[in-house]
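Below is one structure; the comments refer to it alone.
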Amino acid sequence: GENVEQHPSTLSVQEGDSAVIKCTYSDSASNYFPWYKQELGKRPQLIIDIRSNVGEKKDQRIAVTLNKTAKHFSLHITETQPEDSAVYFCAASTNRNDMRFGAGTRLTVKP
Amino acid sequence: GAGVSQSPRYKVAKRGQDVALRCDPISGHVSLFWYQQALGQGPEFLTYFQNEAQLDKSGLPSDRFFAERPEGSVSTLKIQRTQQEDSAVYLCASSSRVVLGKNIQYFGAGTRLSVL
């Protein structure tokens with residue numbers, strides 16, 4: 001089955017700096033890669049996603065890149081703000097609806 | 001309702017007790033997923049329904065775990081003879097059909113289960 005690995009497990013940046021979180025996946029059939037943000041005690045919320053026919057997608061300060069050959073994808077947050085502090089999860093899914101999540105990255109943005 | 005609703009939000013159980021966790025998906029969503037999230041970890045897949053059919057239960061950790069969705073809407077995750085290692089947040093998510101290769105899952109707030 002699919003195995004998703006995520007790095008780093010914790011990340012601390014200064015407000016205004018960029019943050020990058022990386023994930024790798026094992027199932028070459030995976031074709032959908034969402035990123036979720038989970039604040040303490042709250043539900044995971046989708047922040048951006050990318051399909052396998054696209055190499056990059058951007059939404060304001062957030063961007064995701066995908067390298068299908070290497071089976072890795074990354075989340076980039078620019079101009080970080082304290083409210084970006086949360087746990088971020090990557091995930092990978094095939095057409096079989098079998099989404100698997102990474103272990104998460106705890107991002108802390110210091111004011 | 002407007003989103004995925006789970007109840008109860010918190011459940012404390014004595015070891016050996018049976019528990020039932022409920023999930024109300026977004027109206028009209030065909031797919032429903034259960035995940036187990038241990039402290040500091042990502043959601044771990046448990047099982048998946050498409051309408052009333054349980055298509056994948058490969059993530060259920062033991063035969064003490066059972067899930068059902070008899071009418072293709074509300075789902076119940078039942079854990080029999082709870083053990084301390086079952087303590088976790090149980091998340092439910094629902095999605096509509098895969099559209100243009102996307103399987104967007106919307107999560108409930110979860111049920112935090114503590115087994116004493």
Side-chain angles (χ1 to χ4, degrees), chain A residues 1-10 21 23-25 27 29-54 57 59 64 66 68 75 86-108, chain B residues 1-7 9-10 23-26 29-51 53-60 69 88-112:
Chain A
E2 176 67 275
N3 181 42
V4 178
E5 296 195 355
Q6 183 171 347
H7 301 280
S9 57
T10 60
I21 302 170
C23 289
T24 60
Y25 62 98
D27 190 345
S30 289
N31 56 8
Y32 175 61
F33 307 91
W35 286 86
Y36 284 83
K37 175 182 180 181
Q38 187 174 30
E39 297 179 41
L40 189 63
K42 298 196 174 177
R43 71 191 73 195
Q45 299 265 19
L46 179 71
I47 56 170
I48 194 168
D49 56 11
I50 191 168
R51 291 185 293 131
S52 58
N53 60 346
V54 175
K57 182 178 178 181
D59 181 4
V64 57
L66 170 66
K68 284 173 53 180
L75 177 71
V87 180
Y88 292 80
F89 296 100
C90 62
S93 175
T94 71
N95 287 335
R96 299 185 299 272
N97 251 340
D98 50 356
M99 193 169 295
R100 298 295 185 267
F101 286 80
T105 296
R106 180 173 300 278
L107 173 65
T108 302
Chain B
V4 179
S5 178
Q6 290 188 248
S7 61
R9 285 295 317 275
Y10 304 93
C23 174
D24 276 278
I26 292 172
H29 275 193
V30 169
S31 301
L32 186 146
F33 306 80
W34 283 100
Y35 295 89
Q36 181 188 60
Q37 186 175 26
L39 190 63
Q41 297 295 316
E44 292 281 347
F45 171 80
L46 293 177
T47 186
Y48 153 55
F49 291 85
Q50 185 164 307
N51 296 308
Q54 190 174 19
L55 298 188
D56 187 348
K57 54 181 181 179
S58 62
L60 296 176
R69 194 186 185 198
V89 174
Y90 290 85
L91 292 167
C92 175
S94 71
S95 71
S96 58
R97 296 186 186 278
V98 175
V99 176
L100 298 177
K102 281 193 177 186
N103 164 27
I104 299 176
Q105 296 189 16
Y106 298 88
F107 281 85
T111 294
R112 181 177 296 278

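Each chain gets a letter, A, B and so on, in the order the sequences are listed, and its residues count up from 1. Predicted model only: the values in this text are computed from it and were never measured.
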Could you walk me through whether A:Tyr36 and B:Gln105 pass side-chain contact (heavy atoms from CB on, under 4.5 Å), step by step?
-> CA-CA 10 Å; A:Tyr36 284 83; B:Gln105 296 189 16; 3.5 Å; yes
From A:Leu46 atom CG to B:Tyr106 atom OH, the distance as rounded to the nearest 0.5 Å | 7.0 Å
If you round to the nearest 0.5 Å, how far is CE of A:Met99 from OG of B:Ser31?
-> 10.5 Å
Where do A:Arg100 and B:Ser58 come nearest, in terms of heavy atoms and distance?
-> NH2-OG, 4.2 Å
Is there a side-chain contact between B:Phe45 and A:Glu2 (heavy atoms, below 4.5 Å)?
-> no
With only heavy atoms counted, which part of A:Pro44 is less than 4.5 Å from chain B, the side chain, the backbone, both or neither?
-> both
Inspect the surroundings of NZ in A:Lys68 and state if more than 12 heavy atoms from other residues, nucleotides or ligands are less than 6.0 Å away.
-> no
Per-residue contact mode, B:Ile104 against chain A (heavy atom under 4.5 angstrom) = both
Specify the closest pair of heavy atoms between A:Arg43 and B:Val4, including all atoms of both residues, with the distance to one decimal.
-> NH1-O, 3.4 Å
Taking atom CD of B:Glu44 as the centre, report whether more than 12 heavy atoms of other residues, nucleotides or ligands fall under 6.0 Å from it.
-> no
Portion of A:Phe33 that has a non-hydrogen atom of chain B nearer than 4.5 angstrom = neither
Can you say whether A:Gln45 sits under 4.5 Å from chain B via the side chain, the backbone, both, or neither, judging by heavy atoms?
-> neither
Decide yes or no on side-chain contact (heavy atoms from CB on, under 4.5 Å) for B:Gln37 and A:Gln38, but give the supporting numbers first.
-> CA-CA 12 Å; B:Gln37 186 175 26; A:Gln38 187 174 30; 2.9 Å; yes
